[in-house]
Amino acid sequence: QDTAAFIQSFTGSHRFVLDYLIEEVLHKQPENIQNFLLRTSLLDRLCGSLCDAVLHDVSPAGEETAGQETLEYLERANLFVIPLDHERRWYRYHHLFRDLLHQQLMHKVSVEEIARVQIRASEWLEANGDIAQAFHHAIAVADVDRAARLAESAWQPMNESFQMNAWLGW
């Protein structure tokens with residue numbers, strides 16, 4: 001009856017969508033692609049070098065992580081990856097697919113491994129100038145020391161660019 005409310009409430013938690021995405025999409029991928037999808041689901045935006053940093057030491061022995069090539073493969077295979085720029089450097093997952101991947105990650109990967117992925121993401125984002133996202137990844141795993149250091153380093157530039165409310169929100 002209320003189509004707008006249904007569409008608004010439609011998320012990856014709907015059973016039939018989850019079943020389809022798990023059985024027909026995720027489980028039909030090779031293990032290395034499944035690992036890539038699950039661990040990178042923690043990221044809002046993806047680029048090859050960020051994926052490489054996050055997946056460091058996750059790939060089976062002797063198998064190199066190739067973030068950019070994997071992202072391009074996912075796009076060609078229509079695996080719910082959306083390019084964010086014309087150069088196809090940055091991508092994001094479709095929100096329903098990301099929800100599913102994130103739920104699967106929580107069931108299949110240890111809390112310690114998730115924390116390692118979050119910290120690697122935070123380190124890469126900090127090194128590449130995205131302090132806000134680096135901060136959010138640190139907070140996600142309760143790395144208070146790292147989050148405090150990032151917030152302190154961001155205060156002056158955010159104050160000068162009139163982003164004090166965002167900083168106070170942190």
Discussion item. So which atom in Ala151 and which in Phe135 form the shortest heavy-atom distance, rounded to 0.1 Å?
Written reply: CB-CE1, 4.1 Å
Discussion item. Run the side chain to side chain contact (heavy atoms under 4.5 Å, CB included) test against Asn128 and tell me which residues pass, sequence neighbours left out.
Written reply: Trp124
Worksheet item: Is there side-chain contact between Leu74 and Tyr93, with heavy atoms separated by less than 4.5 Å?
Response: yes
Worksheet item: Would a 4.5 Å heavy-atom cut-off, applied to side chains only, mark Gln104 and Leu37 as touching?
Response: no
Discussion item. Can you tell me if His107 has over 12 outside heavy atoms packed within less than 6.0 Å of its NE2?
Written reply: no
Discussion item. Quick check on side chain to side chain contact (heavy atoms under 4.5 Å, CB included): which of Thr70, Thr40, Asn35 does Leu55 satisfy it with?
Written reply: Thr40
Worksheet item: Which atom pair, heavy atoms only, marks the closest approach of Arg120 to Glu113?
Response: NH1-OE2, 4.4 Å
Worksheet entry | Sequence neighbours excluded - side-chain hydrogen bond (donor to acceptor under 3.5 Å, both in side chains) pairs with any residue from residues 79-92 | Glu75-Arg88, Glu75-Tyr91
Worksheet item: Are side-chain heavy atoms of Asp44 and His136 found at a separation under 4.5 Å?
Response: no
Practice prompt. Using the test side chain to side chain contact (heavy atoms under 4.5 Å, CB included), find all partners of Ala77 that sit at least two apart in sequence or belong to another chain.
Written response: Tyr73, Leu79
Discussion item. Can you list everything that forms a side chain to side chain contact (heavy atoms under 4.5 Å, CB included) with Arg146? Sequence neighbours excluded, please.
Written reply: Ile119, Ser122, Glu123, Glu126, Ala138, Asp143, Arg149, Leu150
Response to the item:
Looking only at heavy atoms, the pair that brings Leu71 and Cys51 closest together is CD1-SG, 4.2 Å
Discussion item. For a quick test of reading the model, state the closest non-hydrogen atom pair linking Leu38 to Lys108 and the distance between them.
Written reply: CD1-CD, 4.2 Å
Worksheet item: What are the two closest non-hydrogen atoms of Ala66 and Glu69, and how far apart are they?
Response: CB-OE1, 3.0 Å
Discussion item. Is there a path of hydrophobic side-chain contacts, each under 4.5 Å between heavy atoms of I/L/V/M/F/W/Y residues, joining Ile82 to Leu43?
Written reply: no
Worksheet item: Does the pair Leu46 and Val54 meet the rule for a side chain to side chain contact (heavy atoms under 4.5 Å, CB included), with working shown?
Response: CA-CA 10 Å; Leu46 313 155; Val54 163; over 6 Å; no
Practice prompt. Please round to the nearest 0.5 Å and tell me the distance separating atom CZ of Arg39 and atom CD of Gln34.
Written response: 10.5 Å
Item to complete: Verify, without hydrogens or angle tests, whether Asp52 (side chain) and Gly67 (backbone) share a donor-acceptor contact under 3.5 angstrom.
Response: yes
Practice prompt. Work out which heavy atom in Ala147 is nearest to a heavy atom in Ile139; give both atom names and the distance.
Written response: CB-CD1, 3.5 Å
Worksheet entry | Audit row: Ser153, Ile131, side chain to side chain contact (heavy atoms under 4.5 Å, CB included) steps and yes/no | CA-CA 8 Å; Ser153 73; Ile131 303 301; 4.3 Å; yes
Worksheet item: Residues two or more places apart in sequence or in another chain: which of them pass side chain to side chain contact (heavy atoms under 4.5 Å, CB included) with Ile114?
Response: Leu42, Leu105, Met106, Val109, Gln118
